[in-house]
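To keep things clear, I will list the structure first and then write my remarks on it.
A, B, ... follow the sequence lines: proteins, then strands. Residue 1 opens every chain.
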Protein chains: 2
Amino acid sequence: MTEIEKTLENYQVRPTAMRILIYKYLAEKEIAVALTDIESAFAKAERTTLYRTLKTFEEKKIVHQIDDGTGISKYALCEKGCNCEIEQDLHLHFHCNNCNETVCLTEHKIPQIKVPDGYIAEDVNLVVKGICEKCSGQ
Amino acid sequence: MTEIEKTLENYQVRPTAMRILIYKYLAEKEIAVALTDIESAFAKAERTTLYRTLKTFEEKKIVHQIDDGTGISKYALCEKGCNCEIEQDLHLHFHCNNCNETVCLTEHKIPQIKVPDGYIAEDVNLVVKGICEKCSGQ
DNA sequence: GCAATAAATGCACTTCTGTTGCACTAGTTA
DNA sequence: TAACTAGTGCAACAGAAGTGCATTTATTGC
């Protein structure tokens, strides 16, 4: 049994061939990927299967969904022991306007946000847009 | 000439009947509205016209577009003298998970966000999700 | 005022992403 | 091995965004 298979079982997800492939793909990519990215990476992949696989991964906290403002849902592997839904674990995402890639800046936690009286904050989404490291040439 | 007509001309937008109606609708609503909201408010309205009107309004800085994570673009009137694209003017948006409405919290500016070396921030989008004043019953 | 021009609008159509239903296959358990 | 459950593939649909083109409305020059 490979490392990936073990990982998936730890998350209580049956390690099927497709899921292993998708997990591997996500692990290799350092950026957040859209469903269509995976689809075009594996010609054989069925959109529905990918869709449902990602849903499963999300439920089991293997990946977290990212809304980077492009209107397309993207996904990235959660860090080990990450609790995406807990406010303290929320990190910000950076979307490059040049290469169109979105990365998790896991080191950069979202600062405490104050909301007016009467409002109850449950979740925070923070996306910074601009030019990424690769594209800025630094 | 009405107040709204004057306003539109100030923004260098020709005040057509449709545009005046849409502007008025946006001004009355205190929340960010989606294209479909306006469409259902005016039965006669053509989706394409609304779409292009909002695009025009956006270009002329009459409204700003809001991405609240629902995947649907929403729009809200800019404040007088607002410079949406300038970082200092960026305010946060609150999306209520109960009533599904999105409001601009214009009083709440987005705190300065640090990004790693090599990254250049140009724009910041901050959406807080939770329960709004109306729904929390306070 | 009228013709020429430009802007705005309405209709039809396409594309893209997300989503669901259903049948089939593979894998697990008794 | 039979019965069951989870996973996959195909087809189809829904909703929003976007485009092309013809028509209407407004503006400008004569």
Side-chain angles (χ1 to χ4, degrees), chain A residues 1-2 4-25 32-60 62-76 95 100 102, chain B residues 1-2 4-6 8-9 11-25 32-60 62-76 95 100 102:
Chain A
M1 188 181 285
T2 70
I4 292 179
E5 284 177 76
K6 271 185 222 159
T7 309
L8 290 180
E9 295 216 326
N10 279 343
Y11 281 110
Q12 299 181 318
V13 169
R14 290 224 308 244
T16 65
M18 203 68 222
R19 287 173 175 174
I20 292 169
L21 273 177
I22 295 175
Y23 187 94
K24 199 184 278 179
Y25 181 81
V33 298
L35 194 147
T36 44
D37 296 333
I38 312 179
E39 199 182 359
S40 46
F42 310 112
K44 303 173 214 161
E46 239 291 314
R47 211 162 51 87
T48 315
T49 307
L50 294 177
Y51 171 71
R52 285 196 261 237
T53 302
L54 289 172
K55 277 266 176 204
T56 308
F57 279 13
E58 202 189 344
E59 269 167 33
K60 300 294 186 181
I62 299 176
V63 300
H64 59 270
Q65 195 182 3
I66 299 160
D67 165 37
D68 63 4
T70 57
I72 300 162
S73 295
K74 300 197 175 161
Y75 300 87
H95 178 77
N100 232 25
T102 300
Chain B
M1 187 181 283
T2 70
I4 293 179
E5 283 177 74
K6 271 186 222 159
L8 290 178
E9 294 214 326
Y11 281 112
Q12 299 181 320
V13 169
R14 290 222 309 242
T16 65
M18 203 68 221
R19 287 172 176 175
I20 293 169
L21 272 177
I22 295 175
Y23 187 94
K24 199 184 281 181
Y25 181 81
V33 298
L35 195 147
T36 44
D37 295 334
I38 311 180
E39 200 182 358
S40 46
F42 309 112
K44 304 172 213 163
E46 238 293 311
R47 209 171 48 82
T48 317
T49 308
L50 294 177
Y51 170 71
R52 285 196 262 237
T53 301
L54 288 171
K55 277 267 175 205
T56 308
F57 279 13
E58 201 189 345
E59 270 167 32
K60 301 294 186 180
I62 299 177
V63 300
H64 59 269
Q65 196 182 3
I66 299 160
D67 165 37
D68 63 4
T70 57
I72 300 162
S73 295
K74 300 197 175 161
Y75 301 86
H95 178 78
N100 232 25
T102 300

Legend entry - All side chain to side chain donor-acceptor pair (under 3.5 Å) counterparts of B/Thr36, not counting sequence neighbours: none
Legend entry - side-chain contact (heavy atoms from CB on, under 4.5 Å) partners of B/Ala76, counting only residues at least two apart: B/Ala32, B/His64, B/Ile66, B/Cys104
Legend entry - For B/Thr53, all residues meeting side chain to side chain donor-acceptor pair (under 3.5 Å), sequence neighbours excluded: none
Inset, instruction - Using atom CG of A/Leu8 as one end and atom C1' of D/dG7 as the other, report the distance to the nearest whole Å. - result: 14 Å
Inset, instruction - Return the value, rounded to whole Å, for the distance between atom CD of B/Glu46 and atom P of D/dT23. - result: 16 Å
Inset, instruction - Mind jotting down which residue pairs meet the side chain to side chain donor-acceptor pair (under 3.5 Å) criterion with at least one end in residues 38-49 of chain B? Sequence neighbours excluded, please. - result: B/Glu46-B/Thr48
Legend entry - Rounded distance in Å - CD (A/Glu59) to C1' (D/dG7): 14 Å
Inset, instruction - Please state how far atom CD in A/Glu39 lies from atom C1' in D/dT8, giving the value in whole angstrom units. - result: 14 Å
Inset, instruction - Heavy atoms under 4.0 Å is the rule here; annotate nucleotides 15-21 of chain D 5' to 3' with B where the base is hit, S where only the sugar-phosphate is, and - elsewhere. - result: -SBBBBB
Legend entry - Between C1' of D/dG7 and CG of A/Leu54, the distance in whole Å: 14 Å
Inset, instruction - Quick one: list whatever passes side-chain contact (heavy atoms from CB on, under 4.5 Å) with A/Ile72, sequence neighbours left out. - result: A/Ala34, A/Thr70
Legend entry - Nearest-angstrom distance from the residue atom CG of A/Leu50 to C1' of C/dC16: 16 Å
Legend entry - Results of side chain to side chain donor-acceptor pair (under 3.5 Å) for B/Ser73 - residues two or more places apart only: B/Gln65
Inset, instruction - Return each pair, listed once, that meets salt bridge (charged side-chain N to carboxylate O under 4.0 Å, His left out) where at least one residue sits in residues 62-76 of chain A; pairs must be two or more places apart or across chains. - result: A/Asp68-A/Lys74
Inset, instruction - Specify the separation, in whole Å, of atom OH of A/Tyr11 and atom C1' of D/dA6. - result: 21 Å
For nucleotides 5-8 of chain C, give me every protein contact, N/O to N/O, under 3.5 Å, one pair per line with atom names.
from: C/dA8; atom 1: OP1; to: B/Arg19; atom 2: NH1; distance (Å): 2.6
from: C/dA8; atom 1: OP1; to: B/Arg19; atom 2: NH2; distance (Å): 3.2
from: C/dA8; atom 1: O5'; to: B/Arg19; atom 2: NH2; distance (Å): 3.4

Legend entry - Within the 6.0 Å centroid threshold, strictly below: A/Tyr11 and A/Phe57: no
